[in-house]
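Source: prediction; values computed, not measured. No hydrogens, no waters, no symmetry mates; every other heavy atom, side chains included, goes into these values. All chains are named by letter (A, B, ...) in the order of the sequence lines, taking the proteins before the strands, and each is independently numbered beginning at 1.
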Amino acid sequence: MSEINNSPPKDAVDTNQIIEERRAKLTKLREAGNAFPNDFERKDLAQEMHDKYGELDKERLQEVQSSATVAGRIMLKRVMGKASFATIQDMSGQIQLYINNEGIGEEEHSAFKHWDLGDIVGATGVLFKTKTGELSIRVSALRLLTKSLRPLPEKFHGLTDQEQRFRQRYVDLIVTPEARKNFQTRSKAIQILRTFFTDRGYLEVETPMMQSIPGGATAKPFITHHNALDMQLYLRVAPELYLKRLVVGGFEKVFEINRNFRNEGISTRHNPEFTMLEFYEAYRDYRYLMDLTETMIRELAEACTGSSQITYQGQAIDFAKPFQRLTMAEAINTHNKIYTRENLQDPEFLRQELTKRKVLTYPTDGLGMLQLKLFEDTTEEKLIEPTFIVAHPTDVSPLARSNDEQPELTDRFELFIAGREIANGFSELNDPEDQANRFKNQAEAKAQGDDEAMFYDSDYIRALEYGMPPTAGEGIGIDRLIMLLTDSASIREVILFPQMRSE
RNA sequence: GGGCGGUUAGCUCAGCUGGUAGAGCAGUGGACUUUUAAUCCAUUUGUCGCGGGUUCGACCCCCGCACCGCCUACCA
């Protein structure tokens, strides 16, 4: 199981007639000279040509005689005797080449006719418009830059096999425009978030991914081993405790966008490694974070989709209007009228309801915990429009500050959009003695078999003992946010190389 | 982890209560000097996911396994 197959594949295992034929063509190219030239200088991008010349009419284009030097992969090819068309694709888009004997000579044109879809070419020529008005390049020089040995997926249907799309993302990116677009949106979104924080005076930092004590979230970690130190290490489940150490150190506004690793299930919403944004700001509280989060998500949606109203899987979501803020009891009541203000405050009633709904409860569960369980079972998935849920039980929030009036609750919120948790933030617990007790409770739970419970982190306590200013902190699951912005049903649509079983 | 579905040519897909496979695209040859998934003529390609079983005979029925997808559980 754990053995890595490091031997090269056996010959002729993965080949077919098409590949054989292309190999033969490559062999001829090698014989004729350098089959993999490196001296072609691309000067223009397809999209830039459309932007610059797409609006000009045929006659105007004829007058200006603008030339272009482009390169890209042949996606479509239409050969008609003495003239041919090819559609090539580069990082910006596609443009059509018009190739004929007058432009490059009969010999070169004949050679082109044997090139294949997927081959990478470079071309120079003059821009013109065809009789149907498509901007094209009348090619005067054409070179084959890289021979492609494997046939591309069918030109019209593309790649529909999900497995292959994810395993061979490089092919998916060649033939699936939506896939390219999703990852371009992802890149843009992360760039915007980065600017959002740096513009506000936050310092971007990187904290350990390999930790001797994994902390900051209740989750099962991956375990690894460092040979030279002969030491067990965990891949981090969250950066939280390190970021707060930095707040202790005087970096009063910090953020990190990086990977977390959780050794749990894989699904359309879970990948073992996922990207998390966490940010901390001293002298703020959780209410401030809610305001900040609203602004952030609103701006992000506008910048990425052009509108603060989006559609996710057929559901309309409006980021323009103020996000709702509800306690769990209020949210349950709003979406389930059988639960009232009165009976939601009755632990015995809640216990009975949960038993009826086949949700496991423990005798130690207090009112807050019972409300949380009922909330998760009845209400979470109904929170389509952005909704902040506030005041989580202290039991399930070991790093959050207790509420001054109701110490069994915390100054915490979770943001739900489209029925999913998108953000989690709170006023940080900066009382070292309270935190030490919370860790003790977690460690006891772990000893009793809860493998998601936290470890006791005595260095973190030591840091708090130096004094951490009152601070608010938040984490946002970036992949899920990108799913919303790209209307993706699966997290695999927004992670370039999602985790798969080995082939 | 549990349930359901899928796996047939490089790709997209057909395949009849069981008689060992087809189409389109791609490829190859030919026609065609403004095509748009170009078109027209001809033509090649398969461990039918893997391993067992039933049967005279299995892509098809049965059992097991692998991988994928969807739902579900844990979670972000």
On the nucleotide [N], are OP1 or OP2 found under 4.0 Å from the side-chain N or O atoms that [X] carries?
{"X": "A/Ser136", "N": "B/U34", "answer": "no"}
{"X": "A/Lys155", "N": "B/A37", "answer": "no"}
{"X": "A/Ser267", "N": "B/C74", "answer": "no"}
{"X": "A/Arg78", "N": "B/U35", "answer": "no"}
{"X": "A/Lys131", "N": "B/U35", "answer": "yes"}
{"X": "A/Lys25", "N": "B/U28", "answer": "yes"}

Nearest to side-chain heavy atoms of [X], which nucleotide of [options]:
{"X": "A/Arg501", "options": "B/U12, B/U34, B/C67", "result": "B/C67"}
{"X": "A/Met80", "options": "B/C32, B/C74, B/U12", "result": "B/C32"}
{"X": "A/Gln162", "options": "B/U12, B/G69, B/A37", "result": "B/G69"}
{"X": "A/Met500", "options": "B/C68, B/A37, B/G29", "result": "B/C68"}
{"X": "A/Gln164", "options": "B/C11, B/U12, B/U35", "result": "B/C11"}
{"X": "A/Glu102", "options": "B/U33, B/A38, B/U34", "result": "B/U33"}
{"X": "A/Pro151", "options": "B/U44, B/C67, B/G10", "result": "B/G10"}
{"X": "A/Thr130", "options": "B/U28, B/U35, B/C32", "result": "B/U35"}
{"X": "A/Tyr98", "options": "B/C74, B/C67, B/U33", "result": "B/U33"}
{"X": "A/Leu159", "options": "B/U12, B/U28, B/U33", "result": "B/U12"}

Contact class for [X] vs. all strands (heavy atom < 4.0 Å): base, sugar-phosphate, or nothing?
{"X": "A/Ser84", "value": "nothing"}
{"X": "A/Asn271", "value": "base"}
{"X": "A/Gly81", "value": "base"}
{"X": "A/Gln17", "value": "base"}
{"X": "A/His114", "value": "sugar-phosphate"}
{"X": "A/Asn260", "value": "nothing"}
{"X": "A/Gly475", "value": "nothing"}
{"X": "A/Glu154", "value": "base"}
{"X": "A/Lys358", "value": "nothing"}
{"X": "A/Arg492", "value": "sugar-phosphate"}
{"X": "A/Phe128", "value": "base"}
{"X": "A/Val175", "value": "nothing"}
{"X": "A/Leu76", "value": "sugar-phosphate"}
{"X": "A/Arg167", "value": "sugar-phosphate"}

Worksheet item: Quick one: do A/Glu256 and A/Arg236 make a salt bridge, cutoff under 4.0 Å?
Response: yes
Worksheet item: Between A/Lys181 and A/Glu178, is there a side-chain N and carboxylate O pair less than 4.0 Å apart?
Response: no
Item to complete: Examine distances only and state if a side-chain atom of A/Ser110 and a backbone atom of A/Glu106 form a donor-acceptor pair shorter than 3.5 Å.
Response: yes
Practice prompt. Determine whether the side chains of A/Gln17 and A/Arg22 contain a donor N or O and an acceptor N or O closer than 3.5 Å.
Written response: no
Worksheet item: If you measure only the distance, is there a donor-acceptor pair under 3.5 Å linking the side chains of A/Ser136 and A/Gln96?
Response: yes
On a whole-Å scale, what distance lies between the [atom1] atoms belonging to [N] and [M]?
{"N": "B/U17", "M": "B/A9", "atom1": "C1'", "value": "28 Å"}
{"N": "B/U7", "M": "B/G46", "atom1": "C1'", "value": "15 Å"}
{"N": "B/G52", "M": "B/C16", "atom1": "C1'", "value": "27 Å"}
{"N": "B/C25", "M": "B/U43", "atom1": "P", "value": "14 Å"}
{"N": "B/G49", "M": "B/C60", "atom1": "C1'", "value": "15 Å"}
{"N": "B/C59", "M": "B/G53", "atom1": "P", "value": "15 Å"}
{"N": "B/C63", "M": "B/A23", "atom1": "C1'", "value": "33 Å"}
{"N": "B/G6", "M": "B/A14", "atom1": "C1'", "value": "16 Å"}

Fill in: Watson-Crick or G-U wobble partner of B/A9, both distances under 3.5 Å
none
Response to the item:
Sorted by position of nearest nucleotide on RNA chain B, 5' first, the leading residue of A/Glu134 and A/Pro153 is A/Pro153
Item to complete: Using the closest heavy atom to pick a nucleotide of RNA chain B for each, name whichever of A/Glu414 or A/Lys113 lands nearer the 5' end.
Response: A/Lys113
Angle class for the [X]/[Y] ring planes (parallel below 30°, perpendicular above 60°, tilted otherwise)?
{"X": "A/Phe112", "Y": "A/His109", "answer": "parallel"}
{"X": "A/Phe413", "Y": "A/Phe388", "answer": "perpendicular"}
{"X": "A/Phe197", "Y": "A/Tyr202", "answer": "perpendicular"}
{"X": "A/Tyr98", "Y": "A/Phe85", "answer": "tilted"}

Fill in: Separation of B/U39 C1' from A/Lys82 NZ (nearest whole Å)
17 Å
